[in-house]
Amino acid sequence: MTRTVSVGVEDDRYVPDHGDHSFDVTRYDLQLDYSVDSNRLSGRAMLSATALDDIDEIKLDLYRLRVSKVSVDGSPAKHTHRKSKLVIQPRSPIATGSTFTVVVSYAGSPQPMPGLDGDAGWEELADGVIVASQPHGAPSWFPCNDRPSNKATYAIEITAPSNYLVVANGVQESKRRRSAGTTWRHVEEAPMATYLATVQIGRYGVVDSGSSVPIRTVHPAGKKAASGGPFARQDDMMTAFVRLFGPYPFAAYTAVITDDALDIPLEAQGLAVFGSNFATDDWDSERLVAHELAHQWFGNSVTLTSWRDIWLHEGFACYAEWLWSEESGRQAAEHHAQLHWDRLSELDQDFQLGDPGPELMFDDRVYKRGALLLHALRTQVGDDRFFEVLRAWTERYAHGSVTTDDFIALTGELCGASVGGLFDAWLREISLPALTP
Ligand SMILES: [Zn+2]
C-alpha cells in the first residue's frame with residue numbers, strides 16, 4: 001500500500017471537521033442490530049488503530065447516534081460527544097507508533113449527515129436502507145476516522161429482520177438465522193476509505209453472473225427483469241475494463257438496484273447502487289453502469305488523499321463511459337470528447353479542475369473536463385502510451401492513496417516531461433484549453 005503522508009495533513013476544506021491526522025485506523029469491526037420498522041440502529045464498533053503522533057485525545061466522527069460506553073485497550077474511558085465529534089480520553093497518553101483499540105457502544109436513529117455538498121450517509125428507502133456516504137456520510141452509521149486517506153479493512157456484521165437481504169462490502173462470510181432476525185457477516189480485506197463502506201438492506205433477489213470476476217445483480221424481489229437492460233452487459237464491460245485498466249482490484253462486484261428511483265447512482269467499494277429508473281435500455285443508463293464499474297479502479301482502489309483531487313475519480317470514470325462506447329461498437333471516444341468540449345465551451349468557465357471547491361465537487365463540468373483532459377493526453381501521447389499509463393496507475397497505487405502530482409509524475413516518467421504543459425492548462429488554468437494542442 002502506498003501512502004502519501006506529506007499531503008493532506010491539514011483539515012480538508014471540502015469536508016471541514018472530519019477526520020484526524022494523529023492516528024490511522026487499521027481495522028473496523030462493526031456488530032450492529034437494525035430494525036427496519038423503527039429505523040433503530042444499535043451496536044458496537046471496535047477500532048484497531050496506530051498512533052501517528054503522540055495522542056492524549058482520540059477524536060472520532062459520529063453523527064447523532066448516542067454513545068453509551070467507550071473503552072480504550074480494554075479500560076473504560078471518559079468521553080464527550082458534541083457536534084459529531086466523539087472525543088475520548090485514554091487513561092494515559094499514547095506514544096507515536098503504538099497500536100491501540102477503541103470500543104464504542106452506541107445506538108439511535110441514523111439520518112443522512114449534512115455537508116457542504118448536501119446530505120450523505122445512512123438513509124431510509126420506502127422499504128429498506130441505502131448507505132451512500134460520499135463524501136462525508138460515514139459518521140452517520142459508525143464512529144470513524146473520516147478522511148479518505150485513512151484506509152482500513154472491515155468486518156461488518158449486521159442483524160436485520162429475516163425477510164430482508166443485507167449486502168455490504170467485501171465477501172459474505174456467514175449468514176445465521178436466529179429468532180431475532182438474520183445476522184449477516186461481510187469481511188472486506190482490501191483497504192477501504194470510510195466513505196466507501198456501505199450496507200444495503202431491502203427485499204431483494206439476486207442474479208449471479210460474471211465469467212472472469214463474480215458479478216452479482218441485486219434487484220427488487222419479484223422484479224428480476226430489473227436486472228436486465230444495461231446490467232446484462234456488465235460482464236462485457238468487466239472484460240473490456242480489465243484489458244484497458246488492468247486486473248479488477250476486488251474479490252467481486254455487486255450492482256444493487258433499489259425499488260425506489262434515485263437521482264444518481266452511487267459507488268461503494270466492490271459494489272454500486274442504482275435506482276430502478278436506471279434499469280432502462282438506453283445509452284444514458286448504460287454509460288452510468290459503466291461509470292460506476294470504472295470507479296472500482298479509479299476511486300475505490302486508487303483513492304484520492306484529499307477531495308480537491310476529485311477529478312482523479314470522476315474524470316477517469318467519465319472517460320471510461322466514452323471508452324465503453326468505443327468498445328461496444330458505438331461512437332469513438334473522440335466523438336464524445338468533441339461533443340462535450342463544444343458543450344463545455346458554452347458554459348461558465350469559473351473553476352480550476354485541480355481544486356474546484358466543495359460546492360462544485362460533483363458538478364458535471366468537473367467530470368467532463370477531467371475526461372477531456374484524459375482524451376487530450378491520449379491524443380498527445382498515442383494509445384499505447386496512454387493505456388500503459390492507466391495500467392501503471394492502477395498497478396502502482398492499487399489499494400493506495402494518491403494526489404494529482406502522483407499522476408503527473410507517473411505520466412512524465414512514461415511519456416516524457418513534455419506532457420507537463422498539458423496538465424497545467426487543464427488543471428490550473430480557468431479557461432478551457434483546446435482539445436488538440
Ligand atoms: Zn462517479
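In what follows, every heavy atom counts, from backbone to side chain, and hydrogens, waters and symmetry copies are set aside. All ligand and atom numbering here is 1-based and tracks the order in the structure.
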Is [X] salt-bridged to [Y], cutoff N-O under 4.0 Å?
{"X": "E286", "Y": "R330", "value": "yes"}
{"X": "R378", "Y": "E326", "value": "yes"}
{"X": "E314", "Y": "R365", "value": "no"}

Note to self: So that I can check it, does any N, O or S atom in H313 come closer than 2.8 Å to the Zn ion (ligand 1)?
What the structure shows: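 So H313 does not bind the Zn ion (ligand 1) by this criterion.
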
Item checked: For the Zn ion (ligand 1), the closest N/O/S atom belonging to H295 ->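 It is NE2, the N, O or S atom of H295 closest to the Zn ion (ligand 1).
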
Note to self: Does the structure place the NZ or CZ of R203 under 6.0 Å from the centre of the six-membered ring of Y164, at an angle of no more than 45° from the ring's axis?
What the structure shows: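 Output yes; distance and angle both within limits.
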
Item checked: H291 atom NE2 and E314 atom OE1 as seen from the Zn ion (ligand 1), angle to 10 degrees ->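 Angle NE2(H291)-the Zn ion (ligand 1)-OE1(E314): 100°, rounded to 10°.
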
